[in-house]
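The next block holds one structure in the form of structure tokens; read it before the comments.
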Amino acid sequence: MRQIEDLTLVGDLQTAALIARDGTLVWACFPRFDSQAAFAALLGTDDDHGAWHIGPADQDGTLRPATHRRYRPDSLVCETTWTTPDGTLRLTDFMPPGSGPSRLVRIVEAVSGRVAARSRLRVRADYGRIPPRVTISNGRSVAVAGPQALWLDAGAPVSLRDGTLEAELVLSEGDAVAFVLTACPSHQAEPATIDPHQALRETDAFWTRWAAQCTYQGPYREAVVRSLITLKALTYAPTGAIVAAPTTSLPEEIGGERNWDYRFCWLRDSALTLSTLLRTGYREEARAWAAWLLRAVAGDPENLQIMYGLAGERDLPEAELSWLPGYENSRPVRVGNAAAHQLQLDVYGEVCDTLHRARAAGLDPAETAAGLQIRLAEWVEDHWGEPDEGIWEVRGPRRHFVHSKMMAWVAVDRTVKLIETGDVDGPLERWRNLRDEIHREVCEKGYDKERNTFTQSYGSKELDASLLLIPQMGFLPPDDKRVIGTIEAIQRELSTEDGFVQRYRTSRQEADNPDGLPGEEGAFLICSFWLADGLAMIGRVDEARTLFEKLLALRNDVGLLAEEWDPARQRLAGNFPQAFSHLGLADSAAVLERCAAAAGAAV
């Protein structure tokens, strides 16, 4: 059984591929992150739903887990190594970034000894539903299904059996064989071949140059850079959009139905990702995302959606794929996302805050959509008092979520600051008064005086981990007793036994369920990073550092995190790798360093 933590990621800034510890490609969509999967074994089986295995050739067909895996330093090139009785075999996987067709390059080599290896490629289009037409001609293999073609160029003879492309190899020390899989539209001419070893050098150089721009130099630099590379890998370079994760329907609860498609651009997730990249020295991504934002909401900012397609598409219809059994029988498998049309007031705050940070980093108002921000603030002025579905996209009744109201305050506050610069005109005094009005209401209606904590929604006794952002967003200072009380209440009431944080309490009793969905979920990793931030900001730096390092220990062997942690099974859960989790890691490292320095402590 392949667990989520068995996966590693390679990508080319257009799409991505997930490869298991046994050397099997189990998930890949072409030509975009959100395209139909040509390899969907992650949500089904290798034979039925598409997979590509390269590894040692055991006579009984058993797939061996690797002895060791790693990313090359500061790179998205992954090396998988097997130590066998006959010698050592290494598989190098990468996708060359660029504007051409997506290519997955896999180079298998004998490091020592004489080792038998096998490549077995089985494409299944439309998320495993359609067997393609597979042919071999002039040394090239091609699998065609509808609009998509996948071309295989191999450095060894390839045979076709029952729709599967196979190659048997015997490699002696120093021998290397490369396989290149190229995706292109089926109506176009066959793609040009490439030199895989030159592509490897260029891909390695691209990522190391990009990673070198990171300004964070603290004690957790290796973990931070790995997270930043992961965030960059979730960028769709042609438009500047950023996906929340490259997968769909990896379950929040193993065997349950909390399975969602995350291959879209959430304004919240991408705005927070951009804020993280800006804090660590990356400005070009902010320019590209701001340009994408302007295109996505062009002409209709009053009807801002919480998420869009990678090119700004608004229509993301949700459907279920009945032919896929789901990850560990977690059904349904969903594509598209019906939450696209929810009302989530906090999105306006996250967008305005990110544009504010971009200007602070030196981008001019034209690049950071200053005019659009004014229109967003106008919308917030008219609608901030309405209930919404909130940051966690509840599918139950709308509520007056405290986090949503606080982020509406952020939207107005950052826009007031924009007007104060003189770069744009706006009703400065009116919006200063609006900012004060929202602040007063949140403190009156969203705060439980008896328990000394802010609550999930007005009139509720429930807690919500998003309230940990109150001091980070500047709504109240960290030394305010209400902030301290909220942090301590969340740590006390929402922590799992191992000290990680749930978003809120779920319940199997439908009447008590805060999100309108059956089942439960584990600890939400970004919330756990937020708790570490909060503890550090209120002076409990040692405790924050302990929690942060426990979170680091949850990463898999190549430094990747999913959305959640299942405390009962002690496993990662949810879509993978998750932008939220990795931006939380990078932000927390910086917060911890800053707070430790302020406290006069050594990190």
Side-chain angles (χ1 to χ4, degrees), residues 344-346 349 384-392 394 396-410 412-413 434-517 520-521 523-524 526-541 543-544 547 567 595:
Q344 297 176 20
L345 290 170
D346 66 291
W384 72 270
E386 298 176 9
D388 72 337
E389 278 90 0
I391 182 174
W392 306 128
V394 301
R398 289 183 175 181
R399 304 180 185 187
H400 292 281
F401 287 103
V402 172
H403 172 263
S404 296
K405 306 299 188 188
M406 184 264 291
M407 293 306 297
W409 175 90
V410 169
V412 178
D413 175 73
L434 174 62
R435 180 177 60 181
D436 293 343
E437 179 185 354
I438 298 173
H439 198 280
R440 280 194 302 272
E441 180 177 296
V442 171
C443 291
E444 291 172 3
K445 297 184 178 180
Y447 175 66
D448 184 338
K449 294 181 179 179
E450 293 182 2
R451 296 161 64 205
N452 186 28
T453 181
F454 285 93
T455 60
Q456 184 180 57
S457 58
Y458 290 177
S460 169
K461 293 293 184 181
E462 298 292 331
L463 298 181
D464 192 306
S466 63
L467 302 170
L468 293 166
L469 294 174
I470 287 174
Q472 291 191 47
M473 290 297 170
F475 186 80
L476 288 172
D479 59 358
D480 189 291
K481 73 176 184 66
R482 294 166 293 183
V483 170
I484 296 171
T486 300
I487 292 170
E488 292 178 342
I490 289 171
Q491 183 183 34
R492 182 174 60 250
E493 298 185 30
L494 293 185
S495 288
T496 62
E497 290 185 3
D498 40 14
F500 305 125
V501 180
Q502 294 180 302
R503 296 185 291 180
Y504 45 79
R505 291 293 185 195
T506 57
S507 170
R508 292 194 180 276
Q509 299 298 319
E510 186 174 348
D512 300 328
N513 202 327
D515 60 14
L517 293 166
E520 298 182 354
E521 62 180 24
F524 212 73
I526 194 171
C527 298
S528 303
F529 284 115
W530 290 343
L531 176 59
D533 297 343
L535 291 171
M537 293 175 76
I538 64 174
R540 293 159 61 175
V541 176
E543 191 176 349
L547 175 57
C595 292

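Predicted model only: the values in this text are computed from it and were never measured.
With sequence neighbours excluded, the residues forming a salt bridge (charged side-chain N to carboxylate O under 4.0 Å, His left out) with D346 are R268, listed by chain and number. Every residue meeting the side-chain contact (heavy atoms from CB on, under 4.5 Å) condition with K481, not counting sequence neighbours, appears here in chain and number order: Y447, N452. Remark: H439 pairs with W409, C443, F475, L476 by the side-chain contact (heavy atoms from CB on, under 4.5 Å) rule, at least two apart or across chains. With sequence neighbours excluded, the residues forming a salt bridge (charged side-chain N to carboxylate O under 4.0 Å, His left out) with D480 are R482, listed by chain and number. F524 meets the ring pair (Phe, Tyr, Trp, His ring centres under 6.0 Å) test with W392; sequence neighbours excluded.
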List the atom pairs, donor and acceptor, that lie under 3.5 Å between side-chain atoms in residues 533-540 and the rest of the protein, sequence neighbours left out.
| unit_1 | atom_1 | unit_2 | atom_2 | d |
| --- | --- | --- | --- | --- |
| D533 | OD1 | S588 | OG | 2.7 |
| D533 | OD2 | Q472 | NE2 | 3.2 |
| R540 | NE | E543 | OE1 | 2.9 |
| R540 | NH1 | E488 | OE2 | 3.3 |
| R540 | NH2 | Q491 | OE1 | 3.0 |
| R540 | NH2 | E543 | OE1 | 3.0 |
| R540 | NH2 | E543 | OE2 | 3.0 |

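Listed here is the closest heavy atom pair of F500 and A523: CB-CB, 3.5 Å. I470 approaches F454 most closely through the heavy-atom pair CD1-CD1, 3.7 Å. Of all non-hydrogen atoms in V501 and S528, the two that sit nearest each other are N-OG, 2.9 Å. Heavy atoms only, all atoms of each residue included: I490 and A465 are closest at CD1-CA, 4.1 Å. For the residue pair L345 and W384, the shortest heavy atom distance occurs at CD1-O, 3.6 Å. Across every non-hydrogen atom of P387 and K405, the tightest pair is N-NZ, 4.4 Å.
Looking at K445, its side chain never comes within 3.5 Å of a backbone N or O of G459 through a donor-acceptor pair. The backbone N or O of T455 lies less than 3.5 Å from no partner atom in the side chain of S460, so there is not a single donor-acceptor pair.
To the nearest 0.5 angstrom, S404 atom OG is 11.5 Å from R399 atom CZ. Here CD of E441 is found 3.5 Å from OH of Y458. Values are rounded to the nearest 0.5 Å. To the nearest 0.5 angstrom, L467 atom CG is 6.5 Å from T453 atom OG1. The CE atom of M473 sits 6.5 Å away from the NE2 atom of H403 when rounded to the nearest 0.5 Å.
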Step by step, work out the side-chain contact (heavy atoms from CB on, under 4.5 Å) result for L463 and Y504. CA-CA 6 Å; L463 298 181; Y504 45 79; over 6 Å; no
Please walk me through it: do L468 and T486 pass side-chain contact (heavy atoms from CB on, under 4.5 Å)? CA-CA 7 Å; L468 293 166; T486 300; 5.7 Å; no
Intermediate values then yes/no, salt bridge (charged side-chain N to carboxylate O under 4.0 Å, His left out), E493 and R451: CA-CA 12 Å; E493 298 185 30; R451 296 161 64 205; 3.2 Å; yes
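When each of R503, R505, Q456, Q502 is paired with D464, the side chain to side chain donor-acceptor pair (under 3.5 Å) condition holds for Q456 and for no other.
Under the 4.5 Å side-chain criterion, counting only non-hydrogen atoms from C-beta, L547 is not in contact with F529.
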